[in-house]
Chemist: 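Before I ask anything, here is the structure I am working with.
Just so we're clear, the structure is a prediction, and the values are computed from it rather than from any experiment. We use all heavy atoms of the structure for the numbers below, so side chains are in, but hydrogens, waters and symmetry mates are not.
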Amino acid sequence: MVIDMIYKLKSYISKLNSARFITTVRMAVLAMLTCGFCCLFAGKSKVFAASSYKPLEVEIAFECLENVNLLDGQYRISIRAEEEGTPLPNVDHVEVAEGRGSFFVTVTEPGNYSYLVWQDKGKSGDVIYDEAIYEIHLFVLDIEESSEGKEGSRTGELICNMSVNYAGTDEKPKEIAFLNKAAHIEDDPVITPEDGKKTDKNKTSKTGDETNLWLYIGLLIGSAVVILGIVLWKVLGAKRDDDPEEQKE
């Protein structure tokens, strides 16, 4: 009798717990569905916001130059964003020989974005690598429409203004350029029109006239002495002709 009562009590408790378990499962499933719906809605909102602008590709061009005494080389130009959340360029470095190269950045939202561009120092001991560091600022704006004299809503198009300066200064270069020089620079040869031969810029080019200057000076002094003697001789001769006593003698 007692055993039957205990068995019935356990059965009742088991049924009760099972009902609570089912209820708990239902509530958990409902919560998961609610969270999933919210996440989906938020994702659609983000996609809509991101797609409200047409992506704009911005080119950051640079030039790599060589001194005339260098053989053709390969140089590495690098770029990085200065702040997190900045649109990243298509690559973080470019291998380039003498000539131009570019980085491309795709922007989808208005904002101000900053980057640093520099040349990685190579291993060649024959090259002095340009150590300039450039700071690039992209000012991305929305093209605003005018409607009845008032600023309208977003147009969906972006424009970009770019500013460049040497990193840490307000000095603005004409362009992003790196000039690599030879470690042991020899003076560039020049061609003189007289002999058609190459000479050194720092050496005085020969004109082909190797006459001794002192010879000219000696000839000039000798000529002056001769002329002076002739003049004196004529003057003394004229006095003798005018003096009667000297004529009698």
Side-chain angles (χ1 to χ4, degrees), residues 50 53-141 157-206:
Y53 285 105
K54 181 180 178 181
L56 176 66
E57 187 177 61
V58 181
E59 179 184 12
I60 301 175
F62 61 86
E63 189 167 9
C64 191
L65 307 174
E66 287 182 336
N67 181 272
V68 293
N69 295 295
L70 283 176
L71 298 176
D72 293 338
Q74 196 79 7
Y75 307 101
R76 176 169 169 161
I77 311 301
S78 296
I79 187 174
R80 70 172 175 84
E82 288 200 87
E83 298 179 357
E84 294 184 1
T86 300
L88 298 178
N90 57 330
V91 292
D92 61 1
H93 71 273
V94 172
E95 297 283 348
V96 62
E98 183 181 3
R100 296 182 63 84
S102 297
F103 296 101
F104 294 93
V105 179
T106 301
V107 293
T108 58
E109 289 289 331
N112 299 332
Y113 309 114
S114 298
Y115 304 86
L116 292 178
V117 174
W118 71 96
Q119 178 180 212
D120 293 325
K121 187 174 182 180
K123 297 181 180 180
S124 176
D126 297 329
V127 181
I128 299 176
Y129 296 92
D130 193 335
E131 298 182 355
I133 301 177
Y134 296 92
E135 194 171 34
I136 291 85
H137 303 280
L138 303 183
F139 303 99
V140 182
L141 306 172
E157 294 188 17
L158 298 171
I159 58 173
C160 178
N161 296 320
M162 184 167 65
S163 175
V164 180
N165 59 274
Y166 290 108
T169 71
D170 295 329
E171 185 179 354
K172 296 184 179 297
K174 294 181 179 179
E175 59 181 352
I176 305 173
F178 300 92
L179 175 60
N180 298 313
K181 301 179 180 179
H184 305 288
I185 299 178
E186 298 178 357
D187 293 318
D188 297 337
V190 294
I191 299 177
T192 59
E194 290 80 5
D195 55 13
K197 296 180 181 180
K198 293 182 178 179
T199 60
D200 199 307
K201 284 183 177 180
N202 291 336
K203 296 179 181 179
T204 304
S205 59
K206 296 181 178 180

Chemist: Give, for atom CG of Leu116 and atom CD1 of Ile136, the distance between the pair rounded to the nearest 0.5 Å.
Modeler: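 One finds 7.0 Å between CG of Leu116 and CD1 of Ile136.
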
Chemist: Which atoms form the tightest heavy-atom contact between Glu175 and Tyr134, and what is the distance?
Modeler: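 Closest heavy-atom pair between Glu175 and Tyr134: O-CE2, 3.9 Å.
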
Chemist: So with a 6.0 Å cut-off around CD of Glu57, is the heavy-atom count from everything else above 12?
Modeler: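 Yes, CD of Glu57 has more than 12 neighbouring heavy atoms, counting only those of other groups under 6.0 Å.
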
Chemist: Could you give the distance from CD1 (Ile60) to CG (Leu138), rounded to the nearest 0.5 Å?
Modeler: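 Answer for the CD1-CG pair, Ile60 versus Leu138, is 5.0 Å.
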
Chemist: Which heavy-atom pair separates Ile128 from Ala182 by the least distance, and what is that distance?
Modeler: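 Taking Ile128 first and Ala182 second, the nearest heavy atoms are CD1-O, 3.8 Å.
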
Chemist: About how many Å separate CD of Glu66 and CG of Leu179, when rounded to the nearest 0.5 Å?
Modeler: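 Interatomic distance, Leu179 CG to Glu66 CD, rounded to 0.5 Å: 9.5 Å.
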
Chemist: Do you know which two heavy atoms are closest between Trp118 and Ile133, and how far apart they sit?
Modeler: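 That would be CB-CG1, 4.0 Å.
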
Chemist: Are the side chains of Pro173 and Val164 in contact, using a 4.5 Å heavy-atom criterion?
Modeler: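 Answer yes - side chains close enough.
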
Chemist: Centre-to-centre under 6.0 Å for Phe62 and Phe103, is that the case here?
Modeler: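 Aromatic pair counts; centres sit under 6.0 Å.
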
Chemist: To the nearest 0.5 Å, what is the distance between CD on Glu82 and NE2 on His137?
Modeler: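 Going from CD on Glu82 over to NE2 on His137, the span is 6.5 Å.
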
Chemist: So, for Glu109 and Leu158, which heavy atoms are closest and what is the spacing to 0.1 Å?
Modeler: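 Heavy-atom minimum between the residues: N-CD1, 3.9 Å.
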
Chemist: When you measure from the side chain of Glu171 to the backbone of Tyr166, do you find a donor-acceptor pair of N or O atoms at a distance under 3.5 Å?
Modeler: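 No, the answer is negative, given that no donor and acceptor are paired below the 3.5 Å cut-off.
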
Chemist: Which heavy atom of Thr106 sits nearest a heavy atom of Pro87, and at what distance?
Modeler: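 Here Thr106 and Pro87 meet closest at O-CB, 3.6 Å.
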
Chemist: Is any side-chain heavy atom of Ser124 less than 4.5 Å from a side-chain heavy atom of Tyr75?
Modeler: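 Side-chain contact under 4.5 Å: no.
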
Chemist: The test is side-chain contact (heavy atoms from CB on, under 4.5 Å); show your working for Cys160 and Val107 and say whether it passes.
Modeler: CA-CA 9 Å; Cys160 178; Val107 293; 5.7 Å; no

Chemist: Can you find a heavy atom in the side chain of Pro89 that is under 4.5 Å from one in the side chain of Val105?
Modeler: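 Pro89 vs Val105: side chains touch.
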
Chemist: What's the separation between atom CD in Glu131 and atom CD in Gln119, rounded to the nearest 0.5 Å?
Modeler: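 If I round to the nearest 0.5 Å, the distance is 9.0 Å.
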
Chemist: Kindly determine whether Tyr113 and Val58 satisfy side-chain contact (heavy atoms from CB on, under 4.5 Å), including the steps that lead there.
Modeler: CA-CA 11 Å; Tyr113 309 114; Val58 181; over 6 Å; no

Chemist: Would you confirm whether Asp130, through its side chain, and Asn180, through its main-chain N or O, come within 3.5 Å as a donor-acceptor pair?
Modeler: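 Absent.
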
Chemist: Testing the basics here: between Gln74 and Ala97, what is the closest heavy-atom pair and its distance to 0.1 Å?
Modeler: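 So the two residues come closest at OE1-CB, 3.9 Å.
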
Chemist: For Phe178, does its backbone N or O pair with a side-chain atom of Tyr129 as donor and acceptor, under 3.5 Å?
Modeler: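 Judged by distance alone, no pair lies under 3.5 Å.
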
Chemist: Give a yes or no on whether Glu59 atom CD has more than 12 heavy-atom contacts from other residues, nucleotides or ligands under 6.0 Å away.
Modeler: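 Result for CD/Glu59: enclosed.
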
Chemist: Once rounded to the nearest 0.5 Å, what's the spacing between atom CD of Glu135 and atom CD1 of Ile176?
Modeler: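 Between Glu135 CD and Ile176 CD1, I get 11.5 Å after rounding to 0.5 Å.
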
Chemist: Run the side-chain contact (heavy atoms from CB on, under 4.5 Å) test on Ile77 and Val117 for me, step by step, so that the C-alpha distance in whole Å, both residues' side-chain angles and the decisive distance to 0.1 Å come before the verdict.
Modeler: CA-CA 7 Å; Ile77 311 301; Val117 174; 3.8 Å; yes

